[in-house]
Protein chains: 2
Amino acid sequence: MAQKIKLSTIADALGVSTATVSLALRDSPLVAGSTREKIKEHAREIGYIYNRRAASLRTSRSGIVGVVVHDIMNPFYAEILRSIEHELDRSRQTFLLSNHYDQLDKQRTFIDTLLQLGADGVIMSPAIDTPASDIIMAEENGLPAVLIARDVDGAHVPVFRGDDAYGTALATNHLISLGHKRIAMVGGTDQTSTGRDRYQGYVNAMEAAGLEVMPSWRVPGPRTKQGGFEAAAQFLALKDKPTAACCWNDLVAIGLMNGIARAGLVPGVDISVTGYDDLEEAQIATPALTTVWNGQREVGRRAASALLDKLNGQTVRLSQELIKPELHVRQSTGRPVERV
Amino acid sequence: MAQKIKLSTIADALGVSTATVSLALRDSPLVAGSTREKIKEHAREIGYIYNRRAASLRTSRSGIVGVVVHDIMNPFYAEILRSIEHELDRSRQTFLLSNHYDQLDKQRTFIDTLLQLGADGVIMSPAIDTPASDIIMAEENGLPAVLIARDVDGAHVPVFRGDDAYGTALATNHLISLGHKRIAMVGGTDQTSTGRDRYQGYVNAMEAAGLEVMPSWRVPGPRTKQGGFEAAAQFLALKDKPTAACCWNDLVAIGLMNGIARAGLVPGVDISVTGYDDLEEAQIATPALTTVWNGQREVGRRAASALLDKLNGQTVRLSQELIKPELHVRQSTGRPVERV
DNA sequence: CTGAAAGCGCTTACAG
DNA sequence: CTGAAAGCGCTTACAG
């Protein structure tokens, strides 16, 4: 490895000061055009590498934004991340990704790392049981936060998410309108705000239609394809045999449909299934999945742009409007068939 | 935000020097046990945050490792990333993830960022057409690299990947042994070493069995579920109607099976399909996918551990043994049925 | 076992 | 338009 090249290397070579070089490289109008070009040219030639640590130590801005979610490999978050990536790329921020897998200590370690690196801000889908104090602590130490998908009571930071109760009500009402009366809710957890909201939407719709809400028709837990697949046996063994499943999300719905197919029944015919999120995969699934569009792109876009606003000192309203979900009807839902 | 707390804040409060505080916080044996405890206790109390930028400026180690792949949301890379994450977490390295989407300039921007941040190393699955000089430049600037999944000629860095030619030969031979004679290869690209190797393995197996390799039976391109789904029409319209498809990867295979099902045929019965990678999803697919285990976990583990070795100054052998793939037979392959 | 001082490579007032 | 100098918050010889 050759001798380290730094600002002063350039300054010495060209007979100017490091201040001038620094300004020139950042296109400051304070530097004469000809000087600037000469400096930039030379820097390129000798392969100068800007030292962001040194700069950041001095300016206390790092150009790093943290993003932490339950699991970046989950397509739901993946779609949000893509739009965050798109938004942040334009403002030349580097983003540090992490999974917390709903482990509070993993999340804390990550926030700590961000603080140590002097990150400019963080976008988070908080782990289950995240106390407001964790977020307040971050903010007090100069790490502004915005939340996505899940809320934290008392955190006093902007949250971007869909109207979950409304969304599951859309799906449930669709099933009811097809004639289903025994509808199960498969997957999800009461431990997140999202989980509670989605279940509530289902309950609301059932009650509004005068249908009975059987506690046993709730199959909590699954949140992945694997989970939905495994839940199929349990669902099919439910007493009073529900004719439809309102699933926690698309992954659970697709897994459940696979499990139902393995049991020799035809999803979309024998059993109606709805998803939630409208992942790209929903259209490819067989049968194509009836689901609720949840505005992932929009969530990511708004969250990133709100964080950038915050970084630029603008105030961001705490109460953000919920994104209105939309029902996308495909082939996985139909009129009920009595099961024997 | 309260007054910034730094080493000297602690030093002043306790009447010791910053040198002592620095050493104590890093558990140096040079500091007396009682002093150390007093310092650590106090630091915790007042909420001291270690400034890694400052430390890294001084030590020129950042604790950051970069990882760049085609697309982190692709389950194939996701599984590799999980094991990298697992491995690096143990050594307390922070890792910066990025997608290059096979765009050379995105990859270059990322490598630049790593250099600027003083990252300790990088694990990459190089973008298509990555010149060896890009990797050499990184190494010369103090950013050691190891490659995963794809090789770059002349880069002279360790590569961790499976034996792709052997793997597709396994799948193809399995189909041949079931009695298939007209086997198509669906998906993949000749632009990566992996793509060329996998196709070669298929060709080798066909030729070894004395079967004709029809150029028209190659359907290049698809690498995702969506791609496989869309390729179904093309596959089904192939002349001489192949009875089996050896797919580029599991995603393509699953997409293709969905497309075949939509066309009214039964995958695994009317058409045999093999995947590659053995993603978690392969078992859940309907029918369960016959596929080639590709050792993702192993690739990630070995790459991370090799990079850590490199960081610690150990020499890492350039020529790494290829990971031996294994065939996992499930329900998506069977004896050929003549199509009308 | 502990402290004083230099230095990592930038940027930013300040002066000219 | 350009330069000299201080300082961001650490760590590391070096001295005691």
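Here the structure is a predicted model, which means the values were calculated and not measured. Just so it is clear, the values below take in all heavy atoms, side chains as well, and ignore hydrogens, waters and symmetry mates. So you know, we letter chains A, B, ... as the sequences are listed, proteins then strands, and number each from 1.
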Problem - Nearest-angstrom distance from the residue atom CG of B:Leu30 to P of C:dG3 - result: 13 Å
Problem - Residues A:Ser60 and B:Arg53: side-chain donor-acceptor under 3.5 angstrom - result: no
Handout entry: Presence of B:Ser17 side-chain N/O under 4.0 Å of C:dT2 phosphate oxygens OP1/OP2
Key = no
Practice task
With DNA chain D as reference, determine whether B:Tyr48 or A:Pro29 sits nearer its 5' end, using the nearest nucleotide of each.
Solution key: A:Pro29
Fill in the blank from the handout: For A:Arg92, the side-chain hydrogen bond (donor to acceptor under 3.5 Å, both in side chains) test, sequence neighbours excluded, returns none
Handout entry: Footprint string (nucleotides 11-16 of chain C, 5' to 3'): B base within contact, S backbone only, - free, heavy atoms under 4.0 Å
Key = BB----
Problem - C:dC8 OP1/OP2 closer than 4.0 Å to side-chain N/O of B:Ser60 - result: no
Handout entry: B:Asp71 with A:Arg82: basic N within carboxylate O range, under 4.0 Å
Key = yes
Practice task
Tell me what B:Gly15 touches on the nucleic acid: a base, only sugar-phosphate, or nothing, going by heavy atoms under 4.0 Å.
Solution key: sugar-phosphate
Practice task
Report which part of the nucleic acid A:Ser8 touches: base, sugar-phosphate, or nothing (heavy-atom distance under 4.0 Å, all strands).
Solution key: nothing
Exercise for the section: With sequence neighbours left out, write down each residue that passes side-chain contact (heavy atoms from CB on, under 4.5 Å) with A:Ser17, or none if nothing qualifies. Expected result: A:Ala19, A:Thr20
Problem - side-chain contact (heavy atoms from CB on, under 4.5 Å) involving B:His42 - partner list, sequence neighbours excluded - result: B:Ile10, B:Ala13, B:Leu14, B:Glu45, B:Ile46
Problem - Dot-bracket pairing map - DNA chain C, Watson-Crick plus G-U, both contacts under 3.5 Å, | cross-strand - result: |||.||||||||.|||
Problem - Nearest-angstrom distance from the residue atom CZ of B:Arg53 to P of D:dG7 - result: 19 Å
Exercise for the section: Could you tell me the separation between the CG atom of B:Asn51 and the P atom of C:dC8, rounded to a whole number of Å? Expected result: 18 Å
Handout entry: Interatomic distance where CG belongs to A:Leu57 and C1' belongs to C:dC10 [whole Å]
Key = 8 Å
Problem - Nearest-Å distance for atom pair CZ/C1', residues A:Arg52 and C:dC8 - result: 18 Å
In a table with atom names and distances, give each donor-acceptor pair under 3.5 Å that connects a side chain of residues 149-156 of chain A to protein atoms at least two apart or in another chain.
from: A:Arg150; atom 1: NH1; to: A:Asp102; atom 2: OD1; distance (Å): 2.8
from: A:Arg150; atom 1: NH1; to: A:Pro126; atom 2: O; distance (Å): 2.7
from: A:Arg150; atom 1: NH2; to: A:Asp102; atom 2: OD2; distance (Å): 3.4

Practice task
Not counting sequence neighbours, which residues clear side-chain contact (heavy atoms from CB on, under 4.5 Å) with A:Asp120? List them please.
Solution key: A:Arg61, A:Ser62, A:Gln93, A:Leu311
Practice task
Please state how far atom CD1 in A:Ile5 lies from atom P in C:dC8, giving the value in whole angstrom units.
Solution key: 16 Å
Practice task
Find the distance A:Lys6:NZ to C:dG9:P and express it as a whole number of Å.
Solution key: 4 Å
Problem - Rounded distance (Å) that lies between atom P of D:dC1 and atom CZ of A:Arg36 - result: 9 Å
Practice task
Using the salt bridge (Lys or Arg N to Asp or Glu O under 4.0 Å) rule, collect all pairs that involve residues 21-33 of chain B, keeping only residues at least two apart or in two chains.
Solution key: B:Asp27-B:Lys40
Exercise for the section: Just jot down the side-chain contact (heavy atoms from CB on, under 4.5 Å) partners of A:Ala303, sequence neighbours excluded, or say none. Expected result: A:Ile123, A:Val146, A:Ile148, A:Phe160
